[in-house]
Amino acid sequence: MTGTGTLVLAGTPIGDTADAPPRLAAELERADVIAAEDTRRLRRLTQALGVHTTARVVSYFEGNESARTPELVEELAQGARVLLVTDAGMPSVSDPGYRLVAAAVERGLRITAVPGPSAVLTALALSGLPVDRFCFEGFLPRKAGERLGRLREVADERRTLVYFEAPHRLAATLEAMAEVFGADRRAAVCRELTKTYEEVRRDGLGELAAWAAEGVRGEITIVVEGAPEAGPADLDDAELVRRVRDREEAGERRKEAIAAVAAEAGLPKRQVFDAVVAAKNAERNGPK
């Protein structure tokens, strides 16, 4: 190995091994080092693809990610071609990989990727919900209070939301979503995508929570419809002012923030401007 190596982030099938991209087999055979989230799953994958690899295989999972990253970066710096694979899907997306990528970027090392199947995009496409704008929220916190807090942070998010969840927490998560987003908010629970028992359940969050209470198995991706756009009657002056301030705190100029909030609410810019000025005057003239 000479010169600078390459870190290869390899997407792996989320269920059906026939979905593996042809380049994955080539990279498995070419690699000097393979960092795998689960070495046993890697072995099953190479057998299914009919691949023989001569690479040194090391485990790279949540428990040893921090400790093993410097070692892999040094191998890259010495010229190794390091292939990173996780159990399913793309490394770094709710899986190990971010630390290694960040460390390689910091050292100026070359990074490339083998695109592969994605549970996020597959679930979005199958959900029947708007896909033009979406945000991926990963796994929610395990504790009920923290879970509710995280959901409340995106209660007004108008983009479609995508979550991963463990089957034994699905019912509690859907109940929390129904509480925060509303029982009638449309959603889809996508289970065992691309596998033998694939199922996509589409309904309101309340109905889905009742269904999940009976017990659900398998890998789960939840897709939730974004919040409905608020009309003029839904927003009072205090809410308009809050939205303008949120945008200002995020770095927008007041003029642009007022214009954006007015467009969101379907109101004249002058009405939002007057609300902001009135709030500022009230603060200035309030109790000393």
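Everything quoted here is computed from the prediction, not taken from an experiment. FYI, side chains are in, hydrogens and waters are out, and symmetry mates aren't considered; it's all heavy atoms of this structure.
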- Can you tell me if CZ on R242 sees more than 12 non-hydrogen neighbours from other groups inside 6.0 Å? yes
- Query: Within a radius of less than 6.0 Å around CZ of F273, do more than 12 heavy atoms belonging to other residues, nucleotides or ligands occur?
  - Reply: no
- Message: Is there a side chain to side chain contact (heavy atoms under 4.5 Å, CB included) between L267 and L240? Walk through the geometry before answering.
- Response: CA-CA 10 Å; L267 295 170; L240 295 173; 3.9 Å; yes
- Query: Is any side-chain heavy atom of E29 less than 4.5 Å from a side-chain heavy atom of T53?
  - Reply: no
- Query: Are any side-chain N or O atoms of T86 and backbone N or O atoms of P96, one a donor and one an acceptor, separated by less than 3.5 Å?
  - Reply: no
- Would you check if the side chain of E65 reaches a backbone N or O of G97 as a donor-acceptor pair within less than 3.5 Å? yes
- Message: Please determine whether residues L72 and L109 belong to a single hydrophobic cluster, defined as Ile, Leu, Val, Met, Phe, Trp and Tyr linked transitively by side-chain heavy-atom distances below 4.5 Å.
- Response: yes
- Message: When you group the ILVMFWY residues by side-chain heavy-atom contacts below 4.5 Å and let the links chain together, are F164 and I14 in the same group?
- Response: no
- Are the side chain of R81 and the backbone of G5 linked by a donor-acceptor contact shorter than 3.5 Å? no
- Task: Would you kindly confirm whether L84 and L28 end up in one hydrophobic cluster when ILVMFWY residues are joined by side chain heavy atoms under 4.5 Å apart?
- Result: no
- Message: Please check: side-chain N/O of R68 versus main-chain N/O of S59, any donor-acceptor pairing under 3.5 Å?
- Response: yes
- Please examine the side chains of E239 and R243, heavy atoms only from C-beta on, and report whether any two atoms are closer than 4.5 Å. yes
- Query: Are any non-hydrogen side-chain atoms of Y163 and L151 less than 4.5 angstrom apart?
  - Reply: yes
- Message: Let me confirm one number: the CE-CD1 distance from M177 to I222, rounded to the nearest 0.5 Å.
- Response: 4.5 Å
- Message: With a 4.5 Å cut-off on side-chain heavy atoms, are T221 and V120 touching?
- Response: no
- Neighbour count >12 (heavy atoms, 6.0 Å) for atom CZ, F134: no
- Apply the side-chain contact (heavy atoms from CB on, under 4.5 Å) test between L24 and each candidate in D19, L45, V51, T17; give the one that qualifies. L45
- Spatial distance of atom OG1 (T196) from atom CG (D16) [nearest 0.5 Å]: 8.0 Å
- Item | Minimum heavy-atom distance A31-A55, with the two atoms named | O-CB, 3.3 Å
- Linking I/L/V/M/F/W/Y whenever their side-chain heavy atoms sit closer than 4.5 Å, directly or via other members, would V114 and M90 fall into one cluster? no
- Would you say V58 and N64 make side-chain contact, with heavy atoms under 4.5 Å? no
- State the CG-OH distance between L83 and Y60, to the nearest 0.5 angstrom. 13.0 Å
- Counting heavy atoms not belonging to K269, are there more than 12 under 6.0 Å from its NZ? no
- Task: Quick one: closest heavy-atom pair of L161 and E137, and the distance?
- Result: CD2-CG, 4.3 Å
- Answer yes when R107 and E74 have at least one side-chain N-carboxylate O distance shorter than 4.0 Å, and no when they do not. yes
- Task: Can you see which heavy atom on D95 is nearest to which on A88, and at what distance?
- Result: OD2-O, 3.3 Å
- Could you walk me through whether L126 and L193 pass the side chain to side chain contact (heavy atoms under 4.5 Å, CB included) test, one step at a time? CA-CA 10 Å; L126 293 175; L193 289 172; 3.6 Å; yes
- Task: Could you tell me whether R150 and E146 make a salt bridge, using a distance below 4.0 angstrom between a side-chain N and a carboxylate O?
- Result: no
- With a 4.5 Å limit on heavy-atom distance, are the side chains of L124 and L121 in contact? yes
- Query: Thinking salt bridges, do R217 and E192 make one under a 4.0 Å N-O criterion?
  - Reply: no
- Query: Among K255, R254, K280, whose salt bridge (charged side-chain N to carboxylate O under 4.0 Å, His left out) with E248 holds?
  - Reply: R254
- Reported CD-to-CG distance for the pair E71 and L100, which is rounded to 0.5 angstrom: 10.5 Å
- Item | side chain to side chain contact (heavy atoms under 4.5 Å, CB included) between I111 and V105, worked out | CA-CA 8 Å; I111 308 168; V105 168; 3.6 Å; yes
- Task: Give a yes or no on this: more than 12 heavy atoms of other residues, nucleotides or ligands lie within 6.0 Å of atom CD of E165.
- Result: yes
- Taking all non-hydrogen atoms of both residues into account, name the closest pair between Y197 and R191 and its distance. O-NH2, 3.3 Å
- Heavy-atom distance under 4.5 Å between the side chains of P115 and R23, does that happen here? yes
- Query: How long is the span from the CG atom in L129 to the CZ atom in R202, to the nearest 0.5 Å?
  - Reply: 8.5 Å
- Query: Do the side chains of V200 and I220 join up, straight or via other hydrophobic residues, at under 4.5 Å, putting them in one cluster?
  - Reply: no
- Looking only at non-hydrogen atoms, find the nearest pair between A227 and A155 and report the distance. CB-O, 3.5 Å
- Item | Gap separating the CZ atom of R185 from the CD atom of E225, nearest 0.5 angstrom | 6.5 Å
- Query: At their closest point, which heavy atom of V73 faces which heavy atom of A103, and how far apart are they?
  - Reply: CG2-CB, 3.6 Å
- Message: Is there a side chain to side chain contact (heavy atoms under 4.5 Å, CB included) between C190 and T122? Walk through the geometry before answering.
- Response: CA-CA 9 Å; C190 303; T122 303; over 6 Å; no
- Message: A side-chain contact here means heavy atoms from C-beta on lying under 4.5 Å apart; do F181 and V224 qualify?
- Response: yes
- Check whether more than 12 heavy atoms from other residues, nucleotides or ligands sit under 6.0 Å from atom CZ of F139, and answer yes or no. yes
- Query: Are R245 and E283 within salt-bridge range, i.e. N to O under 4.0 Å?
  - Reply: yes
